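Predicted model only: the values in this text are computed from it and were never measured.
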Amino acid sequence: MKNFNLEPARRTLVAAALCFLPFTGAWQAAHAAPLTIGLAADVTSADPHFHLYVPNQNIADHVYDRLIHRDDRLFTAPGLALSWKPVDDLTWEMKLRPNVKFHDGSPFTADDVKFSIERVPTIKDSPGLMTTYTRAIAAIEVVDPLTIRFRTARPYPLVPNDLSIIPIVSRKAAANAATADFNSGKAAVGTGPYKFVRFARGDRIELVRNDNYWGGRPAWETVTFRIMTNDASRVAALLSGDVDAIDNVPVPDLVRIKKDANLQVVAKTGYRLIYFGLNQTDAGAAHFSTKAGAPLGVNPLKDLRVRQAISKAISRDSIVGRVLEGAGTATAQLVNSGLPGYMPDLQPTNYDPNGARELLAKAGYPEGFRMVIHGPNNRYLMDDQIVQAVAQMLGRVGITASVDVMPAATFFPRNNKGEFAMSLVGWAPDSAEASSPLRALIATKDAQKGLGNFNVGYSSKNVDELIDRAIVTVQPQARERLLQEATRAAMDDVALIPLHHQATVWAMKRTVSYPGRADERTHAGEFSPGAKAAAARQN
């Protein structure tokens, strides 16, 4: 499985589009047969605003629409908004799609858009709010039922990018509704291609076709997403024919699946960055001890030399080549090639254990120290194996690292609170440029500004200023230069440790076909009956 033949991810950001393009690019012809898909990651809520978490948003993609849609490579197209344009330096106007109905038959209007965006910061107990993408909006004006304007406190060119992330819910159904009302289905009313039927936490999500979908009749009459976080069980379900397809195929099982004449595999280079977040706060000292087990008393991650040493101790080529067997691309930055903010000259840190030991000695840790590395064990491709491999690599330079991995549903709420010292995480830039990870992962945590929502403990005034300048710069080339400058400054400071951009791998029966998506999502409407040549689809 050494040759994935994965082409680099590409992207074009369209400022506005007037042509019609349905959400999936093109819905397949409708079929009466049910479709059952096994998902590797748990879905923690049916509330589309509860958590900015891809498994949840993947389900939301089926029940709800967004103002602006993105295809499998993050190209934009009209969604519930037909067009968008700046009216002046502080105002964006959107013209909404007419004659769209919610699943309960009520009309979609600008009031629903206003309600949805204003609901985002009100969500209680969220492990990761979407406020990064709504805080810039100072006021919302409903001009008429199909015209809406968004005002910002200062010039902000990313309004369309940001609003492409927010699912639109029904004001009628969701007014005063809590997350539990979405999970039960009471408030789960959207305009999307499928209607909500049932959400059984940890087990399945059931959907039924919306025959009146504005983008065309969806493919399958019923769709069931089964939550199958155990790799062996998920693969066994596919081999036995219990499911039609699975995502996040475990690398060790690929050879066996490929040999099965009834199955096929599709792989896509993804936009998701897999990285280690580093808690660089004073409170992080509690996670470290001497080799003898005594409290270290300080957080060594506050020292740039220690962070550099850890990065040098990690062999990214070994992770990609041995653990992932080629299903990824080593990286030193926040976004993949083709996205604004990427720098061709910024190459992955060289594996240099001798250099790592020297840096640790200069930082005052010639004997190293003890720590714990955390991560999920059912979210990313080979995630627990990556954590184990890195712990072994750190051991070779004097850092005794024990491993604590756990289900994603447990890991993320704790990680986002900064409970861990060093944690394996992934991030996909849904807004299609480096401003997404810069604002969410690296900007100093600031709830009022919606910044740093997923920052586990890093802060730099210099980097914050560069990010702030970038996101208000209107001219695209100038903004990209600032995004690059901010990225380089953050990477020079080892704000976090990038590892690789992972590939996403699906496996399915030959009776169905899926093209794969660079954004990792598994959209039922893009499955079609019958097989296509694998060589044409492994890209």
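Counted by atom type alone, His374 and Asn415 present zero donor-acceptor pairs between their side chains at under 3.5 Å. Under the 3.5 Å distance criterion, with hydrogens and angles disregarded, no donor-acceptor pair is assigned to the side chains of Thr331 and Asn336. Using modelled atom types and a 3.5 Å distance limit, the side chains of Arg316 and Ser311 yield a donor-acceptor pair. Using modelled atom types, one finds no donor on one side chain facing an acceptor on the other under 3.5 Å when comparing Asp493 with Ser460. Ser435 and Glu433 form a side-chain donor-acceptor contact under 3.5 Å, judged by distance and modelled atom types alone. Gln385 and Arg322 share no side-chain donor-acceptor pair at under 3.5 Å. For the residue pair Tyr351/Ser318, the side-chain donor-acceptor check at 3.5 Å is not satisfied.
Only one option out of Asp244, Asp260, Val243 pairs with Lys509 in a side chain to side chain contact (heavy atoms under 4.5 Å, CB included); it is Asp244. When the options Asn248, Asp253, Thr229 are evaluated for a side chain to side chain contact (heavy atoms under 4.5 Å, CB included) with Arg234, the one that passes is Asn248.
Leu52 is listed as a side-chain neighbour of Ile165, based on a closest heavy-atom distance under 4.5 Å. Within the 4.5 Å cutoff, the side chain of Pro437 has no heavy atoms near those of the Phe454 side chain. Between Leu239 and Arg256, the closest side-chain pair of non-hydrogen atoms falls below 4.5 Å. Considering only heavy atoms from C-beta on, Leu334 comes within 4.5 Å of Met491 through its side chain. Within the 4.5 Å cutoff, the side chain of His49 has heavy atoms near those of the Ile166 side chain. Contact check for Ser289 versus Met371: no side-chain heavy atoms found under the 4.5 Å cut-off. Side-chain contact check for Ile68 versus Leu163: every heavy-atom pair is 4.5 Å or farther apart.
To the nearest 0.5 Å, atom CD1 of residue Ile471 and atom CG of residue Leu482 are 11.0 Å apart. Put simply, CD1 on Ile274 and CG on Leu424 are 6.0 Å apart, with the number rounded to the nearest 0.5 Å. Once rounded to the nearest 0.5 Å, the distance linking NZ of Lys302 with CG of Asn299 reads 7.0 Å. To the nearest 0.5 Å, atom CG of residue Leu483 and atom CD of residue Glu485 are 10.5 Å apart. In this structure, OG on Ser233 lies 6.0 Å from CE on Met228, to the nearest 0.5 angstrom. Here CD1 of Ile310 is found 11.0 Å from CG of Leu359. Values are rounded to the nearest 0.5 Å.
Between the Tyr514 side chain and the His523 main chain, a donor and an acceptor come within less than 3.5 Å of each other. Here the side chain of Arg510 pairs no donor or acceptor atom with the backbone of Asn262 at under 3.5 angstrom. For the pair Tyr53 (side chain) and Gly128 (backbone), a donor-acceptor distance under 3.5 Å is absent. In this structure, the side chain of Asp383 does not engage the main chain of Gly375 through any donor-acceptor pair within 3.5 Å. Looking only at distances, a side-chain donor or acceptor of Gln280 sits under 3.5 Å from a matching main-chain atom of Ala495. A donor-acceptor pair is defined here as one N or O able to donate and one able to accept, closer than 3.5 Å; no such pair exists between the side chain of Asn453 and the backbone of Ala440. Checked by atom type and distance alone, the side chain of Arg439 never pairs as donor or acceptor with a backbone atom of Leu451 at under 3.5 Å. Although no hydrogens or angles enter the test, the distance criterion places no donor-acceptor pair under 3.5 Å between the side chain of Asn58 and the main chain of Pro55. No side-chain donor-acceptor contact under 3.5 Å links Thr504 to the backbone of Lys268. Proximity of a side-chain donor or acceptor of Glu206 to a complementary backbone N or O of Ala200 within less than 3.5 Å is not detected.
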Arg70 and Asn161: CA distance, side-chain angles, deciding distance, side chain to side chain contact (heavy atoms under 4.5 Å, CB included) verdict: CA-CA 10 Å; Arg70 293 187 183 273; Asn161 298 51; 4.2 Å; yes
Step-by-step salt bridge (charged side-chain N to carboxylate O under 4.0 Å, His left out) determination, Arg379 to Asp384: CA-CA 9 Å; Arg379 175 62 189 97; Asp384 51 345; over 6 Å; no
Test ring-ring contact (aromatic ring centres under 6.0 Å, His included) applied to Tyr275 and Trp427, step by step: CA-CA 8 Å; Tyr275 68 96; Trp427 185 262; 8.2 Å; no
Side chain to side chain donor-acceptor pair (under 3.5 Å) between Arg226 and Thr36, intermediate numbers included: CA-CA 7 Å; Arg226 291 180 55 185; Thr36 303; over 6 Å; no
ring-ring contact (aromatic ring centres under 6.0 Å, His included) between Phe225 and His62, worked out: CA-CA 11 Å; Phe225 289 101; His62 293 77; 5.0 Å; yes
Evaluation steps, side chain to side chain contact (heavy atoms under 4.5 Å, CB included), between Ile373 and Asp404: CA-CA 6 Å; Ile373 307 179; Asp404 186 3; over 6 Å; no
Phe288 and Leu301: CA distance, side-chain angles, deciding distance, side chain to side chain contact (heavy atoms under 4.5 Å, CB included) verdict: CA-CA 10 Å; Phe288 298 89; Leu301 294 180; 3.7 Å; yes
Test side chain to side chain donor-acceptor pair (under 3.5 Å) applied to Thr281 and Asn279, step by step: CA-CA 6 Å; Thr281 65; Asn279 185 337; 2.6 Å; yes
Worked verdict on Arg521 versus Gln57 for side chain to side chain donor-acceptor pair (under 3.5 Å): CA-CA 9 Å; Arg521 303 197 183 192; Gln57 295 306 307; 5.2 Å; no
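The heavy-atom pair separating Thr44 from Ala409 by the smallest distance is CG2-CB, 4.1 Å. Across every non-hydrogen atom of Lys258 and Val265, the tightest pair is CG-CG2, 4.0 Å. Closest non-hydrogen pair, Arg488 versus Leu346, comes out as NH1-CD1, 4.3 Å. Scanning both residues, Tyr194 and Ala219, for their nearest heavy atoms gives OH-N, 3.6 Å. Contact between Leu207 and Val63 at its shortest, heavy atoms only, is CD2-CG2, 3.9 Å. The heavy-atom pair separating Lys445 from Asn416 by the smallest distance is NZ-O, 4.0 Å.
Between Phe420 and Phe411, the angle of the ring planes stays under 30°, which puts this pair in the parallel group of the 30/60° scheme. In this pair, Phe369 and Tyr365 present their aromatic rings perpendicular. The plane angle is above 60°, beyond the 30 to 60° band.
Between Asp61 and Arg66, at least one side-chain N (NZ, or NE/NH1/NH2) sits under 4.0 Å from a carboxylate O, which counts as a salt bridge. Looking at Glu526 and Arg517, a side-chain N of the basic residue comes within less than 4.0 Å of a carboxylate O on the acidic one, giving a salt bridge. Using a 4.0 Å cut-off between charged nitrogen and carboxylate oxygen, Arg272 and Glu520 count as a salt-bridge pair.
Heavy-atom neighbours of Lys362 NZ from other residues, nucleotides or ligands within 6.0 Å: at or below the threshold of 12.
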